[in-house]
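Values in this document were obtained by computation on a predicted structure and should not be read as measured data. Naming: A, B, ... by sequence-line order, numbering from 1 per chain.
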Amino acid sequence: MNYRIAPLGFQLNLGNQRKHHSHSAMAPLKVLMVAEKPSIALSVASVLSHGQMHTRRGSTEVHEFEGMFCGSHAHFKVTSVIGHVFSVDFPAKYQDWTVTDPEDLFQAQVVKSESNPKAHIPRHLSQEARGCGHLVLWLDCDREGENICFEVVQCAGFHVSDGKRKVHRARFSSVTEKDILKAMDNLVEPNKDEALAVDARQEIDLKVGVAFTRFQTSFFQGKYGNLDSRVISYGPCQTPTLGFCVQRYFQINTFKPEKFWTLHPHILVSGYELQLDWERHKLFDLDVAMMFQKLVVQDGILEVSDVSEKQENKVRPSGLNTVNLLKVASSALGFGPQVAMQLAERLYTQGFISYPRTESTAYPSSFDFRGILGALAKNPIWSDYAQNLLSEGYLKPRSGTDVGDHPPITPMRSATEDMLGNDAWRLYHYVCQHFLGTVSLDCKYVRTKVEFSIAGESFHCVGQRVIVKGFTSIMPWLAISEKNIPQFAKGERIEVSKVELFEGETSPPDYLSESELISLMEKNGIGTDASIPVHINNICERNFVQVQAGRKLVPTALGITLIRGYQCIDPDLCLPDIRSFIEHQITLVAKGQADHSHVVQHVLQQFKRKYTYFVKQIDNMDALFEAQFSPLADSGKALSKCGKCLRYMKYISTQPSRLYCGTCEEVYYLPQRGTIKLYKELTCPLDNFELLIFSMAGPEGKSFPLCPYCYNSPPFEGIDTLFGASKTGSTGKLGKGAGMPCFLCLHPTCRHSLIAQGVCACPECSGTLVLDPVSAPKWRLYCNMCNCLVLLPQGAHRIATTRERCPECDSTIIEVDFNKNATPLEDGATLHVGCILCDALLHSLVEVKHGKSFFKRRGMGGRGRGSGRGAHRGRARGLGKTVDPKMSFRDF
DNA sequence: GCAAGGTC
């Protein structure tokens with residue numbers, strides 16, 4: 001159900017509009033406003049309607065109210081999209097990895113499809129725009145927002161240069177009443193160049209990323225058995241991100257520790273024992289260090305050569321933006337960026353903190369500090385501090401930078417740990433501390449440095465005395481450590497009590513911390529506040545790096561080998577400049593200094609050259625892989641026989657699990673995340689491959705047979721729902737791990753097909769209940785479409801389907817062979833044949849249960865939006881009908 | 001099965 005934009009997609013029925021227009025003289029003007037997300041639509045509508053609006057639900061909420069527009073009475077509707085409406089992809093003919101040469105992708109057409117087909121945003125906009133004479137765009141004021149403007153214009157059926165139905169762009173620098181009203185008075189036109197720059201980036205990122213990813217994935221996975229990553233991905237953001245981690249690894253690995261020595265004279269003055277530091281800091285030559293030690297000992301008297309006192313200022317923080325929140329979350333709270341953002345998102349939707357995705361560290365001038373301080377004053381943890389700021393006068397925060405997106409992240413209302421739960425509380429706690437810090441005094445302290453000379457060498461000691469704690473009293477980990485030293489007078493002479501010769505060794509840096517990585521990414525323009533966590537997560541998921549204790553990022557052998565490979569073929573590929581280059585090129589488009597398609601063509605041409613060179617030189621990278629990984633032929637252990645050459649194929653258990661036939665040099669992917677075994681040396685009647693039995697993980701995990709060949713190349717037409725297809729919403733495509741097990745096979749006579757093993761219709765969906773052949777002694781049926789389970793009679797040592805059908809309901813008749821001592825049958829008989837629906841005995845012994853989700857679904861931990869189940873219904877029906885009896889559990 | 005960017 002992917003929505004493809006036709007050239008004239010979403011043009012409204014103009015006839016309809018004209019009709020509305022002809023009435024417009026008397027009917028009120030209708031104005032549609034669209035924001036980037038529901039929260040902004042709400043804010044805009046609240047301000048413009050003075051809180052007097054009517055809200056109704058839809059794909060996204062619509063707020064309606066009456067007001068004035070362009071000097072006339074108008075009916076307003078304010079709604080929103082949910083980020084980008086569309087995203088780019090290749091047309092279907094390029095989707096099959098096996099038939100597309102990645103090099104062709106550089107010239108391929110790209111198509112836009114709905115980013116989130118379930119949300120029906122285009123339909124929503126098109127409906128709401130009906131009859132509206134004006135469209136006001138309240139999208140975020142950045143390039144992406146400008147691009148979404150044009151997506152909205154298109155969906156709404158407007159045209160930017162239309163005399164009749166006008167398009168307006170609201171430019172606002174914050175979502176405050178003042179800015180919203182100001183934007184309304186200064187409506188402009190959306191900026192096409194900025195939008196085109198985003199189109200350019202999308203096309204470049206897609207083509208470059210996908211071409212390299214497909215090539216290197218196919219190349220290396222076709223050769224090595226223990227790569228342990230489903231996809232060996234490449235991307236202009238993720239690869240330089242990996243590069244940073246590996247660079248640090250190299251530093252550590254090539255580090256040569258060196259011994260060094262330093263002198264610390266000690267003195268005893270007015271009851272203090274002080275250790276002085278050497279101006280030379282350290283020496284790497286023991287003889288020389290000992291010589292200095294001797295000189296100092298021989299002299300024995302230090303003269304105070306200078307005493308300086310300076311008042312220092314440690315400045316309070318500026319407003320908290322996303323990147324800084326993520327850094328603190330990782331380094332101080334131990335939350336990874338993704339977790340931190342989830343927590344922040346939840347705090348935001350619950351109204352405890354402000355919008356958590358912002359680059360700005362400057363507060364808008366109208367910011368209500370007093371209101372927030374008042375809220376925090378109600379919280380026992382901060383009440384004294386906040387009260388004090390309110391009565392003594394809080395400071396205006398430092399200026400910071402204003403990117404024009406959202407204000408810094410602040411608390412919005414008071415909360416307790418009980419209300420939030422521990423993790424969210426800790427994040428919230430920090431946001432409060434940071435906010436209070438920004439409106440507190442700077443920390444002031446006096447730093448005293450006393451310098452000494454002896455035997456021509458200089459030593460010193462430093463004392464620190466805090467005068468004003470300021471913000472450090474609410475952010476105590478930033479406090480200045482006090483250090484008292486006695487009074488010294490210039491020219492004073494002091495006896496040395498001892499001279500310590502300290503021996504130390506230089507040590508390598510630690511692995512890159514997540515927080516350092518975020519800083520590096522930000523500094524180098526890799527990713528955005530929202531996408532930085534995604535890139536970090538990507539390189540973890542692809543098994544290029546692992547997060548270890550203290551949130552340090554340790555590259556894996558795969559990650560290291562990849563970067564070393566890029567470095568010997570084309571180092572540009574893993575340097576951050578690759579992103580800056582793209583950004584710089586598309587900025588030319590944004591500024592109107594270069595033509596969109598020229599820039600895209602130019603950049604793609606360069607990347608295509610890099611791609612062909614990379615392919616040509618891949619042997620250099622492969623040499624590194626060869627040294628690190630084992631060839632497919634050496635990997636895995638013999639499992640089952642190939643139907644073509646009749647030799648054993650090897651089972652490679654590392655992800656993606658698969659079979660490899662060394663003689664035919666063929667790879668057969670298997671279902672993922674479960675265990676696989678030979679199935680009684682049975683073979684597939686279609687291709688002679690030995691059958692395997694796959695068991696899904698967990699105690700409720702179902703088991704099913706499959707033929708490795710059929711699984712990868714389904715033999716019958718019309719099987720469009722595959723097991724393990726990753727996108728539950730779209731048609732199941734063959735991919736690694738997705739395929740056709742026997743329970744979907746329509747073979748009319750094979751003992752393992754759906755025809756033979758299917759028993760009756762699923763009571764929960766349109767699927768078929770199939771006998772789990774290895775479920776003894778807890779015999780059961782499972783649905784081949786959903787997660788329904790049916791428990792069969794206990795205490796049977798064999799249960800099998802027969803070729804007979806129930807004359808009543810057309811279910812498959814099953815044969816149950818009960819254990820001698822557990823048989824419910826009279827006279828100790830063990831064999832019973834019947835229909836599980838119509839046979840009184842069998843029916844009394846079966847029980848419907850639900851198991852774990854049957855189809856692979858990612859992100860189960862989420863809020864469970866949009867269960868994938870309904871999506872299978874329509875498609876399944878055709879399949880079910882051919883074998884399903886008319887009656888099922890539903891009818892009982 | 002691929003990118004990066006919005007946002008949920």
Kindly state each residue pair satisfying salt bridge (charged side-chain N to carboxylate O under 4.0 Å, His left out) with at least one member in residues 204-221 of chain A, sequence neighbours excluded.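 Every salt bridge (charged side-chain N to carboxylate O under 4.0 Å, His left out) pair that includes a residue of residues 204-221 of chain A, provided the two are not neighbours, is Arg201(A)-Asp205(A), Glu203(A)-Lys207(A), Asp205(A)-Arg579(A).
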
By the 4.0 Å heavy-atom rule, please label [X] as base, sugar-phosphate, or nothing.
X         : value
Gly145(A) : nothing
Pro236(A) : sugar-phosphate
Arg579(A) : sugar-phosphate
Thr349(A) : nothing

Phosphate OP1/OP2 of [N] contacted by [X] side-chain N/O (<4.0 Å):
X         : N      : value
Gln202(A) : dA3(B) : no
Ser87(A)  : dA4(B) : no
Arg542(A) : dA3(B) : yes
Arg201(A) : dG6(B) : no
Arg143(A) : dG5(B) : no
Thr528(A) : dG6(B) : yes
Tyr355(A) : dT7(B) : yes
Ser531(A) : dG5(B) : yes
His84(A)  : dA4(B) : no

Could you please name the option among [options] that lies closest to any side-chain atom of [X]?
X         : options                : value
Asn116(A) : dA4(B), dC2(B), dC8(B) : dC8(B)
Arg214(A) : dC2(B), dT7(B), dA4(B) : dC2(B)
Leu206(A) : dC2(B), dG6(B), dA3(B) : dA3(B)
Ser233(A) : dG6(B), dC8(B), dA3(B) : dA3(B)
His535(A) : dC2(B), dC8(B), dG5(B) : dG5(B)
Thr213(A) : dC2(B), dT7(B), dA4(B) : dC2(B)
Glu36(A)  : dA4(B), dC2(B), dT7(B) : dT7(B)

So for Gln216(A) and dC2(B), does any side-chain atom that can act as donor or acceptor lie under 3.5 Å from a complementary atom in the base?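 Between dC2(B) and Gln216(A), which were checked side chain against base, a qualifying N/O pair under 3.5 Å is absent.
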
Please enumerate all residues that pass side chain to side chain donor-acceptor pair (under 3.5 Å) together with Glu61(A), with sequence neighbours excluded.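 Glu61(A) satisfies side chain to side chain donor-acceptor pair (under 3.5 Å) with no other residue.
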
When you measure from the side chain of Thr556(A) to the backbone N and O of Gly559(A), does any donor-acceptor pair fall under 3.5 Å?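 The answer is yes, because a donor-acceptor pair under 3.5 Å joins these two groups.
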
Both Val231(A) and Thr239(A) contact DNA chain B. Taking the nearest nucleotide for each, which residue is further toward the 5' end?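 The residue mapped nearer the 5' terminus is Val231(A).
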
Side chains of Met341(A) and Leu326(A), heavy atoms from C-beta outward: is any pair under 4.5 Å?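 Heavy-atom side-chain distance check passes, below 4.5 Å.
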
So, for Phe215(A) and Phe219(A), is the gap between ring centers shorter than 6.0 Å?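 Under 6.0 Å, so yes.
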
